[in-house]
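Notes follow the structure.
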Amino acid sequence: QVQLVESGGALVQPGGSLRLSCAAAGSIFSIYDMNWYRQAPGKQRELVAGITSGGSTNYADSVRGRFTISRDNAKDTVYLEMSSLKSEDTAVYYCNAHFSDYESPYGVDYWGSGTLVTVSS
């Protein structure tokens, strides 16, 4: 299993930038697909960005071009670099690790406890 701890959430002004980090421990980090989700007040949790074990990335339409997901397997850490932040980006951001194999054919998911990002002037 994987233990995930997010950090970096803060109060930032619109147009500002922020970098979130997710440190993983407890398993082989490099084999997991890593994702960032967020949940804003009154809304469902949504996928913001993902990066596969092979390094392929995907982004929600709402953040594409503004956010960048990356991973450093040597540090067992995944990052979310956010720029041009908008008030709509205000949410609790969660780190997710996903893995599937013959023992877990439907996939397994691990979640961090979240870090709050507030975009306000």
- For residues 35-86, pull every pair meeting disulfide bond (SG atoms under 2.5 Å apart), keeping only residues two or more places apart or in separate chains. none

- Item | side chain to side chain contact (heavy atoms under 4.5 Å, CB included) against Asp101, all qualifying residues, sequence neighbours excluded | Phe99, Glu103, Ser104

- At what distance, to the nearest 0.5 angstrom, does CD of Gln44 lie from CD of Gln39? 8.5 Å

- Item | Residue pairs involving residues 47-65 (criterion salt bridge (charged side-chain N to carboxylate O under 4.0 Å, His left out); sequence neighbours excluded) | Asp61-Arg64

- Any chance you could measure Asn96, atom CG, to Asn35, atom CG, to the nearest 0.5 Å? 4.5 Å

- The reported gap from OG in Ser120 to CG in Asp89 (rounded to nearest 0.5 angstrom) is 12.5 Å

May I have the list of side-chain donor-acceptor pairs in residues 2-12 shorter than 3.5 Å, sequence neighbours left out?
from	atom 1	to	atom 2	distance (Å)
Glu6	OE1	Ser113	N	3.1
Glu6	OE1	Gly114	N	2.9
Glu6	OE2	Cys95	N	2.8
Glu6	OE2	Gly114	N	3.1

- Using links of under 4.5 Å between side-chain heavy atoms of ILVMFWY residues, direct or through other members, which residues join Tyr94 in one cluster? Tyr37, Leu47, Val92, Trp111, Leu116

- Message: Give me the atom names and distance for the closest heavy-atom approach of Gly50 to Ile69.
- Response: O-CG2, 3.6 Å

- Item | Under 3.5 Å donor-acceptor, Arg71 side chain and Asp33 backbone | no

- Query: Any idea which heavy atoms bring Ser100 and Gly107 closest together, and the distance?
  - Reply: CB-CA, 3.6 Å

- Message: When you measure from the side chain of Ser83 to the backbone of Arg66, do you find a donor-acceptor pair of N or O atoms at a distance under 3.5 Å?
- Response: yes

- State, with a plain yes or no, whether a side-chain heavy atom of Trp36 is found less than 4.5 Å away from one of Cys22. yes

- Note on the structure: Value for CD (Glu88) from OG (Ser62), rounded to nearest 0.5 Å, stands at 9.0 Å

- Task: Keeping to residues at least two apart or across chains, list the disulfide bond (SG atoms under 2.5 Å apart) pairs with something in residues 43-91.
- Result: none

- Query: Under 3.5 Å, side chain of Tyr79 to main-chain N/O of Thr68, donor-acceptor pair present?
  - Reply: no

- Message: Quick check for you: to the nearest 0.5 Å, what is the distance between Thr52 atom OG1 and Asn58 atom CG?
- Response: 8.5 Å

- Looking only at heavy atoms, the pair that brings Asp72 and Phe29 closest together is O-CE2, 4.2 Å

- Note on the structure: Separation between CG (Leu85) and CZ (Phe67), nearest 0.5 Å, reads 5.0 Å

- Message: Strictly distance-based, threshold 3.5 Å: is any side-chain N or O of Thr90 a donor or acceptor partner for the main-chain N or O of Val119?
- Response: yes

